Amino acid sequence: MSEGTSTYLTIAEPGHAETRVLGSRFFGRATAVEDVEQIDAELRLEARRFHDATHWCHASRIGYLAEPEERCSDAGEPHGTAGQPILREIRSRELTNTLVLVTRYFGGTKLGSGGLARAYSDCAAAALAAAIVRVLKRYDQLDVACGYNDMSIVYRLARKYNASPVLQEGTSNPRFELTVEPGVTGPLMQALVDESAARITVARGGSIVC
């Protein structure tokens with residue numbers, strides 16, 4: 001992701017997988033998460049579902065930034081053999097707001113560092129492959145104030161630039177919140193000012209991802 005990114009990939013429907021390597025069983029689950037609190041809740045749920053497992057490993061990426069916040073855990077496996085391989089699978093698909101858990105039942109045969117890393121990576125990849133991914137887009141929001149006679153300009157330019165206008169209630173004069181794709185934010189702002197001879201005022205608000 002770059003600073004100018006306006007589209008993102010995340011999980012729409014969870015994916016599940018089960019793999020076996022030399023007697024060990026691995027159960028993978030890929031799901032969408034919004035924050036650390038939700039990750040913690042998912043980890044508690046996983047531990048309850050597989051209460052007799054030997055390891056509950058996971059990795060996650062959260063946020064709509066150039067560098068999403070990343071977390072991973074080996075959960076008692078040798079350092080770097082579980083959490084990082086899972087995280088690499090999430091990164092390789094450029095997913096965000098995504099959590100992948102891989103739970104292991106030890107089968108009695110040690111896999112070695114390389115074999116263990118491959119086992120966790122393969123199970124994570126299978127869970128992600130089974131998930132349904134959706135595209136999210138970032139939109140800018142504009143605060144627009146105008147007189148009643150200029151409302152038609154706002155609506156007309158909103159249609160022209162494919163923006164979504166919402167008339168704000170409880171204000172003495174007309175105020176709109178316009179939701180618009182980042183690529184046309186500047187031209188729309190300029191058009192509102194120019195076509196109203198600066199009677200319409202426009203300010204940048206925040207942004208939303210949906």
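Because the structure is a prediction, the values reported are computed rather than measured.
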Participant: Within the supplied structure, the quantity of interest is the number of heavy atoms (other residues, nucleotides, ligands) at a distance under 6.0 Å from Arg71 CZ; does it exceed 12?
Facilitator: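 Atom CZ in Arg71 is not crowded, with 12 or fewer foreign heavy atoms closer than 6.0 Å.
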Participant: Would a 4.5 Å heavy-atom cut-off, applied to side chains only, mark Ile200 and Glu195 as touching?
Facilitator: no
Participant: Would you call Ser207 and Asp140 a side-chain contact if the rule is heavy atoms closer than 4.5 Å?
Facilitator: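 Result yes, sub-4.5 Å side-chain heavy-atom pair found.
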Participant: Quick one: does any side-chain atom of Ser121 pair with a main-chain N or O of Ala117 as donor and acceptor, under 3.5 Å?
Facilitator: no
Participant: May I have the step-by-step check of side-chain contact (heavy atoms from CB on, under 4.5 Å) for Leu178 and Tyr161, ending in yes or no?
Facilitator: CA-CA 10 Å; Leu178 295 185; Tyr161 288 91; over 6 Å; no
Participant: Is there side-chain contact between Thr7 and Arg138, with heavy atoms separated by less than 4.5 Å?
Facilitator: no
Participant: For Arg25 and Phe50, what are the C-alpha separation, side-chain angles and deciding distance, and is it a side-chain contact (heavy atoms from CB on, under 4.5 Å)?
Facilitator: CA-CA 12 Å; Arg25 290 186 298 159; Phe50 299 101; over 6 Å; no
Participant: Using only heavy-atom distances, determine whether the side chains of Glu46 and Thr103 contain a donor-acceptor pair under 3.5 Å.
Facilitator: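 The criterion, which ignores hydrogens and geometry beyond distance, is satisfied for Thr103 and Glu46.
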Participant: Restricting to non-hydrogen atoms, name the atom on Ala30 and the atom on Val100 that form the minimum distance, rounded to 0.1 Å.
Facilitator: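 Looking at all heavy atoms of both residues, the closest pair is CB-CG2, 3.9 Å.
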Participant: Kindly give the heavy-atom pair with the smallest separation between Pro182 and Tyr139, and that separation in Å.
Facilitator: CD-CA, 4.3 Å
Participant: Nearest 0.5 angstrom please: Met189 CE to Asp194 CG, how far?
Facilitator: 11.5 Å
Participant: Can you list the steps and then say if Cys57 with Ile86 is a side-chain contact (heavy atoms from CB on, under 4.5 Å)?
Facilitator: CA-CA 8 Å; Cys57 306; Ile86 297 170; 4.1 Å; yes
Participant: Under 3.5 Å, is there a donor on one side chain and an acceptor on the other for Asn97 and Thr10?
Facilitator: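 Their side chains do not contain a donor-acceptor pair, so the 3.5 Å distance test is not met.
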Participant: Look up atom CZ in Arg20 and atom CG in Asp122, then write down how far apart they are to the nearest 0.5 Å.
Facilitator: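 Nearest 0.5 Å value for the CZ-CG distance: 15.5 Å.
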Participant: Return the minimal non-hydrogen interatomic distance between Glu34 and Gln38, and the atom names on each side.
Facilitator: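 So the two residues come closest at N-OE1, 2.8 Å.
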Participant: According to a 4.5 Å side-chain heavy-atom criterion applied to Ile, Leu, Val, Met, Phe, Trp and Tyr, with indirect links allowed, do Leu167 and Val180 form part of one hydrophobic cluster?
Facilitator: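 Looking at the clustering, Val180 is in the same group as Leu167.
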Participant: Can you see which heavy atom on Asn173 is nearest to which on Cys146, and at what distance?
Facilitator: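 Distance-wise, the nearest heavy atoms are CB-O, 4.1 Å.
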Participant: Flag the pair Phe27 / Arg49 as yes when at least one side-chain heavy-atom distance between them is below 4.5 Å, and no otherwise.
Facilitator: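 No - every pair of side-chain heavy atoms lies 4.5 Å or more apart.
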Participant: Let me see the working for Trp56 and Leu43 under side-chain contact (heavy atoms from CB on, under 4.5 Å), right down to the final yes or no.
Facilitator: CA-CA 8 Å; Trp56 301 268; Leu43 292 175; 6.0 Å; no
Participant: In the structure I gave you, are the side-chain heavy atoms of Asp74 and His79 within less than 4.5 Å of one another anywhere?
Facilitator: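 Side chain of Asp74 against side chain of His79, heavy atoms only: contact under 4.5 Å found.
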Participant: What pair of heavy atoms forms the shortest contact from Ala126 to Ala17, and how long is it?
Facilitator: CB-CB, 3.5 Å
Participant: Is Met151 linked to Leu188 within one hydrophobic cluster, defined over Ile, Leu, Val, Met, Phe, Trp and Tyr using a side-chain heavy-atom separation of less than 4.5 Å?
Facilitator: yes
Participant: Of Tyr105, Tyr120, Phe106, which meets ring pair (Phe, Tyr, Trp, His ring centres under 6.0 Å) against Phe26?
Facilitator: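 Only one of Tyr105, Tyr120, Phe106 forms a ring pair (Phe, Tyr, Trp, His ring centres under 6.0 Å) with Phe26, namely Tyr120.
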Participant: When hydrophobic residues are tied together by side-chain contacts of less than 4.5 Å, even through go-betweens, does Val33 share a cluster with Ile11?
Facilitator: no
Participant: Answer yes or no: is there a side-chain heavy-atom contact under 4.5 Å between Pro78 and Leu116?
Facilitator: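 Answer yes - side chains close enough.
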Participant: Would a hydrophobic clustering, with Ile, Leu, Val, Met, Phe, Trp and Tyr connected at side-chain separations under 4.5 Å, put Ile39 with Leu95?
Facilitator: no
Participant: In Å, rounded to the nearest 0.5 Å, how long is the span from CD of Gln190 to CG of Leu157?
Facilitator: 11.5 Å
Participant: Would you say that Thr98 contacts Arg61 through its side chain, given a criterion of any heavy-atom pair below 4.5 Å between the two side chains?
Facilitator: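 When only atoms from C-beta onward are counted, Arg61 and Thr98 do not touch, as no gap falls below 4.5 Å.
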Participant: In Å and rounded to the nearest 0.5 Å, what is the CD1 to CD distance from Ile62 to Glu70?
Facilitator: 10.5 Å
Participant: Treat each ILVMFWY residue as a node, draw an edge where side-chain heavy atoms are under 4.5 Å apart, and state whether Ile90 and Leu9 are in one component.
Facilitator: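 Yes, one cluster joins them.
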Participant: Could you tell me which non-hydrogen atom of Val21 sits nearest to which non-hydrogen atom of Ala119, and how far apart they are?
Facilitator: CG2-CB, 4.1 Å
Participant: For the CZ atom on Arg93, are there more than 12 heavy atoms of other groups (residues, nucleotides or ligands in this structure) within a distance under 6.0 Å?
Facilitator: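 Enclosed.
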Participant: Is there a side-chain contact between Leu99 and His58 in this structure, where contact means two heavy atoms from C-beta onward sitting under 4.5 Å apart?
Facilitator: yes
Participant: With distance as the sole criterion, is a donor-acceptor pair present between the side chains of Arg104 and Ser24 under 3.5 Å?
Facilitator: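 A donor-acceptor contact under 3.5 Å links the two side chains.
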Participant: Kindly compute the distance separating OG1 (Thr31) from CG (Leu128), expressed to the nearest 0.5 Å.
Facilitator: 11.0 Å
